[in-house]
Amino acid sequence: MRNIPLNDLRASVREARAEIDAAIARVLDGGWFILGPEGEAFERAFAAYHGPDAHCIGVASGTDALRIALQAVGVEPGDEVLVVTNAGIPPVAAVVAAGARPVFCDVDPHTHGFDPADIERRATPRTRALVAVHLYGRMAAIDQIVAAAHSHGLAVIEDCAQAHGARLHGRMAGTSGDAAAFSFYPTKNLGALGDGGAVLTSRPDVADRARLLRNYGWRQQYASELHSTNSRLDDLQAAILAAKLPHLDGSNAKRRELAAIYHQQLAAIGDLLTLPEPDADRQDVHHLFVVRVRRRREELRAFLKERGVGSGVHYPVPAHLQAPYASYGDGAGSLPITEQLAAEILSLPLYPELTPEDVAYVAEQVRAFAHSGT
Ligand SMILES: *Cc1c(COP(=O)(O)O)cnc(C)c1O
């Protein structure tokens, strides 16, 4: 029996270990730990990875990146922001942290992302922005989302926490909206060894405001231009991220190879599972490999666990059904696609350090379950 956890963070540092060790030593020897040269170097490298027009501002987490991006595009207390509820708490929490009111929207079952039709349905004169999440490493329909949002005068924030390096029609995640938020939480496709995040934008005005917002509103030390607290990416994490960034495309390619094995081995499984539909327009980066399980999901999870295979549900309870946020929405039944997906989704292990044999083993167990059942 193999032991295949849903994630393996110890393995995640193996490939770049020598560069990471050197990066850490450089920071310790340099003696500059916050907003220093390593932070600037990583910001330059991560911006350049997205093209010549991108600006990158390192912040303390992905959730802070969302909040700062919202504030940087002009969201103010009392504004409404359209947001999905199937991406965990962070996108909704960030809207509330910016002082705005979240307006919950449903998703498209093909991308698990924002359904552009909802913009028409839910935008009001008080709506200022929307947060579009590129979930599981697959891009939402960002072209239509941006077109519809801009025609209503809304700013678009792309949540790229699960989509570092993903593309739609060749265009990278984070380069279509007014600003994008990235997380470098350790399990993400580009992960630090602690918390970290970044705002990415091609708008110089948004970049300027984000830079002020992450550091007390200071343009110069001790001189505040804006009301803000702090949220900074430290130099140690930045140096580690700079060491890992050159490996990102390679590790995303490995994820794609492993996803193809799942597709191959689970194609003929019958009607128990729906696999993510292949999509030639999109270059997915498979942050997670999420299937839909029509019935007996919890039994399947227990079956896998007995055979050494970890699994997850990302995420079990949509934000609009969670106590602190429920009052912003219309409760159960209000977002039917989101709610149906939450009942069916299952994440199977997928990370670059898995071998093809590991993935084949997982698929074999899923097949065994499908054939065992009624
Ligand atoms: C991880 C994640 C975030 C938040 O990132 P943190 O760095 O943990 O704050 C936001 N949105 C999505 C979709 C995420 O997966």
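Just so it is clear, the model here is predicted, and its values are computed rather than measured. By convention here, the first residue in the shown sequence is residue 1. When a ligand or atom number is given, it counts from 1 through the structure's own listing order.
Closest approach of Ser347 and Val290 over heavy atoms only: OG-CG2, 3.6 Å.
Contact of the Val131 side chain with the Val84 side chain is not registered, since no non-hydrogen atoms from C-beta on lie closer than 4.5 Å.
Remark: ligand 1 atoms within the under-4.0 Å shell around heavy atoms of Ser61 are 7 (O), 9 (O). Of all the atoms in ligand 1, the ones that sit under 4.0 Å from a non-hydrogen atom of Val133 are 13 (C). Of all atoms in ligand 1, listed by their number and element, those nearer than 4.0 Å to a heavy atom of Gly62 are 5 (O), 6 (P), 7 (O), 9 (O).
Looking only at distances, a side-chain donor or acceptor of His152 sits under 3.5 Å from a matching main-chain atom of Ala148.
With respect to atom 13 (C) of ligand 1, the closest heavy atom belonging to the protein is Asp159 OD2, 3.5 Å. Counting only heavy atoms of the protein, atom 4 (C) of ligand 1 lies nearest to Thr63 OG1, 3.5 Å.
Under the salt bridge (Lys or Arg N to Asp or Glu O under 4.0 Å) test applied with Arg138, the options Asp108, Asp281, Asp284 reduce to a single match, Asp284.
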Decide yes or no on ring-ring contact (aromatic ring centres under 6.0 Å, His included) for Tyr136 and His314, but give the supporting numbers first.
-> CA-CA 9 Å; Tyr136 311 145; His314 298 92; 7.4 Å; no
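At least one heavy atom of Lys188 lies less than 4.0 angstrom from ligand 1.
Considering backbone and side-chain atoms alike, Asp64 places every N or O at 3.5 Å or more from each N or O of ligand 1. Not a single N or O atom of Tyr185, backbone or side chain, sits closer than 3.5 Å to an N or O atom of ligand 1.
The residues Glu364 and Arg2 are annotated as not salt-bridged, no charged nitrogen and carboxylate oxygen being separated by less than 4.0 angstrom.
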